[in-house]
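Note: hydrogens, waters and symmetry copies are ignored here, and every other heavy atom, side chains too, is used. By convention here, the first residue in the shown sequence is residue 1. Note that ligands are numbered from 1 as they come in the structure, with each ligand's atoms numbered from 1 the same way.
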Amino acid sequence: MPDELLTRLSELKRERNAVILAHNYQRPEVQDAADHTGDSLGLSRQAAKTDADVILFCGVQFMAETAAIICPKKTVLIPDRNAGCPMANMIGPRELENARAEHPRAAVVCYVNSSAEIKAMSDVCCTSANAVDVVRSIPQDREVLFIPDQSLGSWVAKQLGRELILWEGFCPTHHRMLPEHVAAARRAHPEAELVVHPECLDEVVAEADEVASTSGMLRYCKESGARQFIIGTEIGMLHPLRTQNPAKQFFPVTGLADCPNMKLNTIEKMVWSLEDMQYVIKVPPDIARRARGAIDRMLEIK
Ligand code: CIZ
Ligand code: SF4
């Protein structure tokens, strides 16, 4: 990375009074240039604590929207406006309206990987780190409609021994990891523990020694006595795992688990973003207020 670009980025950060947030799935150099790295909710909560005027959010759109909802007074920028999340786009407001009409008694639990509008229409939000606790908090006799990730929903259902109504959304990147990739990685690294994200296919999750969100993976791999790990999530995650655990080895289930949307953000685009103050992510106040309600209900649970 040319030094001039990084110097320019620091200058702009000071000029704009900006804080840079980068998701665990970002390119290594983008994570290294950030003030905070982590999962989407953790990052938004970090941002709320700073006195920065501007948040440069390196992740995908729904994450920046979450930051805008939690930090309504700050200007939230994303470096590339094409960085959307295909899973979040798998449910729209009209579809959710129809599903609600079909299951009028159901509580709607929406995974954080969803648009602000969908969060605003949901009863409670969840992340992969707290999905089990959020669903457990809903009375056993109430139906639950879990959107949009069928894999996370199916894993939660198994954990709780409870039937959930699942929306058929999924993450194309996590679903690219197949049982045969897992088998090959196990053969190559027989001593390694297999740690996977609940967005993976059921058959992959079933093979895992540990199923965890990205923040959960960081905790688990730090505490585990194992020296080698096979990681079943977006490959950007290998960077924080390796940096935080220099004495341990991390291997991907497959290098195919590379999310093209996450990788749209680059140092150049971060510089341009702060120079031009774009692309601004704004959530209309009424949607933001209702989406905030779904997020706050999640935060009250755990
Ligand atoms: O909420 C996040 O940041 C996502 C999408 C993944 C995770 O497990 O942290
Ligand atoms: Fe969406 Fe999957 Fe990419 Fe995350 S890794 S942004 S869930 S497509």
Practice task
Check N113 against ligand 2 and report side chain, backbone, both or neither, counting heavy atoms closer than 4.0 Å.
Solution key: side chain
Exercise for the section: Give a yes or no on whether C259 keeps an N, O or S atom under 2.8 Å from atom 3 (Fe) of ligand 2. Expected result: yes
Problem - ligand 1 contact on N113 by region, counting heavy-atom pairs under 4.0 Å - result: side chain
Handout entry: Backbone or side-chain N or O of T214 under 3.5 Å from ligand 1 N or O
Key = yes
Practice task
Would you name the heavy atoms of D123 and A106 that are closest together and state the gap between them?
Solution key: OD2-O, 4.0 Å
Exercise for the section: Check whether any side-chain N or O of Q61 sits under 3.5 Å from a backbone N or O of R81 as a donor-acceptor pair, and report yes or no. Expected result: yes
Problem - Whether V112 lies under 4.0 Å from ligand 1, heavy atom - result: yes
Handout entry: R142 side chain vs R105 backbone, donor-acceptor pair below 3.5 Å
Key = yes
Handout entry: Per-atom contacts, ligand 1 versus H197 - under 4.0 Å to a heavy atom
Key = 6 (C), 7 (C), 8 (O)
Completion exercise
For D39, the ligand 1 atoms with a heavy-atom partner under 4.0 Å come out as 2 (C), 3 (O), 9 (O)
Exercise for the section: Check each atom of ligand 1 against the heavy atoms of S213 and keep those under 4.0 Å away; list them by number with element. Expected result: 8 (O)
Problem - S128, any N or O under 3.5 Å of ligand 1 N or O - result: yes
Fill in the blank from the handout: Min over P172, G236, C85 of heavy-atom distance to atom 6 (S) of ligand 2 lands on C85
Handout entry: Which of the ligand 2 atoms, numbered from 1, are nearer than 4.0 Å to a heavy atom of E199
Key = 7 (S)
Exercise for the section: Ignoring hydrogens and angles, tell me if any N or O in the side chain of H23 forms a donor-acceptor pair with the backbone of Y25 under 3.5 Å. Expected result: yes
Handout entry: Heavy-atom pair with the smallest gap, counting every atom of P148 and I91
Key = CB-CG2, 3.8 Å
Practice task
Check each heavy atom of T233 against ligand 1 and say whether those closer than 4.0 Å belong to the side chain, the backbone, both or neither.
Solution key: neither
Practice task
May I ask whether T127 places a heavy atom under 4.0 Å from ligand 1?
Solution key: no
Exercise for the section: Report the nearest protein non-hydrogen atom to atom 4 (C) of ligand 1: residue, atom name, distance rounded to 0.1 Å. Expected result: H23 NE2, 3.6 Å
Problem - Flag, side chain of E234 to backbone of G236, donor-acceptor distance under 3.5 Å - result: yes
Exercise for the section: Report, in ascending order of atom number, the atoms of ligand 1 lying under 4.0 Å from any heavy atom of S40. Expected result: 1 (O), 2 (C), 3 (O)
Practice task
Please could you name the atoms of ligand 2 that C171 approaches to less than 4.0 Å, counting only its heavy atoms?
Solution key: 2 (Fe), 5 (S), 7 (S), 8 (S)
Exercise for the section: Give the cluster check for F250 versus L256: same hydrophobic cluster or not, with ILVMFWY residues linked at side-chain heavy-atom distances below 4.5 Å. Expected result: no
